[in-house]
There are 2 protein chains.
Amino acid sequence: MENTRELFQIMTRRFGLLNKNCCSVGGCDISLAQSHLLYEIDRRHNPSMQQVAETLGIDITTFSRQVQSLMKMDLVKKTADPSDRRVFTLSLTVQGKFVATTIDQQMNDYLNEVFSYMSEFEKETVLRSVQIFNDAMGKSSRCCAPITG
Amino acid sequence: MENTRELFQIMTRRFGLLNKNCCSVGGCDISLAQSHLLYEIDRRHNPSMQQVAETLGIDITTFSRQVQSLMKMDLVKKTADPSDRRVFTLSLTVQGKFVATTIDQQMNDYLNEVFSYMSEFEKETVLRSVQIFNDAMGKSSRCCAPITG
DNA sequence: GTCATATAGTTGCAAAGTGCAAATATAACC
DNA sequence: GGTTATATTTGCACTTTGCAACTATATGAC
């Protein structure tokens with residue numbers, strides 16, 4: 001029987017490689033870190049810088065600069081929060097939304113191909129399992145617990 | 001119903017954060033990249049530099065330097081392959097083996113805690129699902145297919 | 001043999017990414 | 001009004017990265 005960590009290590013490595021391979025949209029090449037930013041900004045509703053940085057486990061100063069470069073590429077927008085002027089909320093530009101959506105599409109296409117090698121029952125089981133696992137990770141008191149999502 | 005990619009994205013993100021948190025063994029702090037190297041060298045039998053770099057999806061020049069720094073830390077050993085003198089095979093030193101084993105232990109401890117939030121049946125299902133998913137990824141013709149393991 | 005070509009690995013260099021400490025700006029509490 | 005806390009940015013030094021070019025060895029054609 002394989003080691004438990006091994007199973008997850010291999011899976012996440014492969015998924016990470018996939019993520020890396022999906023960083024090219026049209027003429028626009030972005031880094032893996034930038035892809036993660038776009039993903040997280042896309043799935044939330046106007047999150048603050050702090051929130052996203054913490055969720056991704058990135059130092060806030062590094063994050064600040066990553067946002068700057070994505071703004072230069074016109075993929076991300078920063079808006080001052082009127083209720084607390086220390087805070088900036090993040091959102092995607094039209095182009096940023098397009099890039100994020102395209103990446104999401106590519107990833108889902110690939111995942112669908114992977115699922116095509118399983119029976120429908122297996123597919124359902126796998127999806128449910130990942131959900132169960134994510135829920136359990138969320139309950140854990142140890143390192144990764146506070147991360148939302 | 002949640003997006004398929006979302007499920008995997010969240011899971012791998014959390015697992016990645018866990019990996020990052022498990023990079024400290026005794027007085028020895030290593031980077032996440034170094035942890036991945038140790039892991040992969042540990043689970044293979046005297047792999048060559050090329051093999052490991054390709055498996056991890058790292059540029060060979062970057063990899064070469066990572067190996068150099070792990071050698072300086074006395075965690076990894078490079079041995080000239082007598083049958084092909086262009087090739088160097090990698091292995092862990094006693095201390096490297098200790099670090100890799102300790103990290104593995106920490107990761108498995110954490111995973112066991114996560115599994116404690118599930119029933120035994122759910123746990124079995126999740127483990128089997130990850131195995132099924134890894135097998136299916138291995139069958140895929142797309143990006144991550146050639147990666148061994 | 002030896003010449004051309006392929007492969008394994010290293011190094012130079014310039015660019016990008018990183019985190020800590022310190023700064024700015026605003027909020028919140030008393 | 002003054003102290004303390006929070007959100008974000010910048011300075012700086014260090015590390016990491018990948019491409020191009022290099023060395024060294026192997027392999028195949030002839």
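The structure displayed is predicted, hence computed values, not measured ones. Every chain is numbered from 1 and lettered A, B, ... according to where its sequence line falls, protein lines coming before strand lines.
Linking ILVMFWY side-chain heavy atoms closer than 4.5 Å, directly or via other members, places B:M118 and B:L111 in a single hydrophobic cluster. Each of A:Y117 and B:V130 belongs to its own hydrophobic cluster when Ile, Leu, Val, Met, Phe, Trp and Tyr are linked at side-chain heavy-atom distances under 4.5 angstrom. Under a hydrophobic clustering in which Ile, Leu, Val, Met, Phe, Trp and Tyr are joined whenever their side-chain heavy atoms come within less than 4.5 Å, directly or via other members, B:V67 and B:I60 fall into the same cluster.
Whole-Å rounding puts the B:I60 CD1 to D:dT17 P distance at 13 Å. Residue B:L32 contributes atom CG, which lies 18 Å from atom P of D:dT15 at whole-angstrom precision. Rounding to whole angstrom units, CG of residue A:D81 and C1' of C:dA25 are separated by 14 Å. Remark: C1' of C:dT10 and CE of B:M71 are 11 Å apart, rounded to the nearest angstrom. Between A:M73 atom CE and C:dA16 atom P there is a gap of 11 Å when expressed in whole angstrom units. Between A:Q50 atom CD and D:dT9 atom C1' the separation is 12 Å, expressed in whole Å. In this structure, the CG atom of B:D59 is 14 Å from the C1' atom of D:dA21, given to the nearest Å. When rounded to the nearest whole Å, the span between CG of B:D29 and P of C:dT18 equals 18 Å.
A donor-acceptor contact under 3.5 Å is not formed by the side chain of B:R65 with the base of C:dG9. The base of C:dT7 lies close enough to the side chain of B:R86 for a donor and an acceptor atom to sit less than 3.5 Å apart.
Applying the 4.0 Å criterion to OP1 and OP2 of D:dT8, one finds that A:Q68 has every side-chain N and O outside that range. Close to D:dT9, at under 4.0 Å from its OP1 or OP2, lies a side-chain N or O of A:S64. Taking side-chain N and O atoms only, A:Q51 has no distance below 4.0 Å to OP1 or OP2 of D:dA7. Distances shorter than 4.0 Å separate none of the side-chain N or O atoms of B:T62 from OP1 or OP2 on D:dT16. Side-chain N/O atoms of A:Q66 include one lying less than 4.0 angstrom from OP1 or OP2 on C:dT18.
Side-chain atoms of A:M49 lie closest to D:dT9 of the nucleotides D:dT9, C:dG17, C:dA8.
Both A:K20 and A:S48 lie near DNA chain D, and the one whose nearest nucleotide falls closer to the 5' end is A:S48. Annotation: of the two residues near DNA chain C, B:K78 and A:A33, the 5′-most nearest-nucleotide partner is B:K78. Remark on DNA chain C: of its neighbouring residues B:T61 and B:D84, the 5'-side contact belongs to B:D84, judged by nearest-heavy-atom nucleotide.
Counting any heavy atom pair closer than 4.0 Å across all strands shown, B:F63 reaches no nucleic acid atom.
Residue B:Q34 forms a side chain to side chain contact (heavy atoms under 4.5 Å, CB included) with just one option from B:L70, B:L75, B:V99, and that option is B:L70.
Under the 4.5 Å side-chain criterion, counting only non-hydrogen atoms from C-beta, B:R65 is in contact with B:T61.
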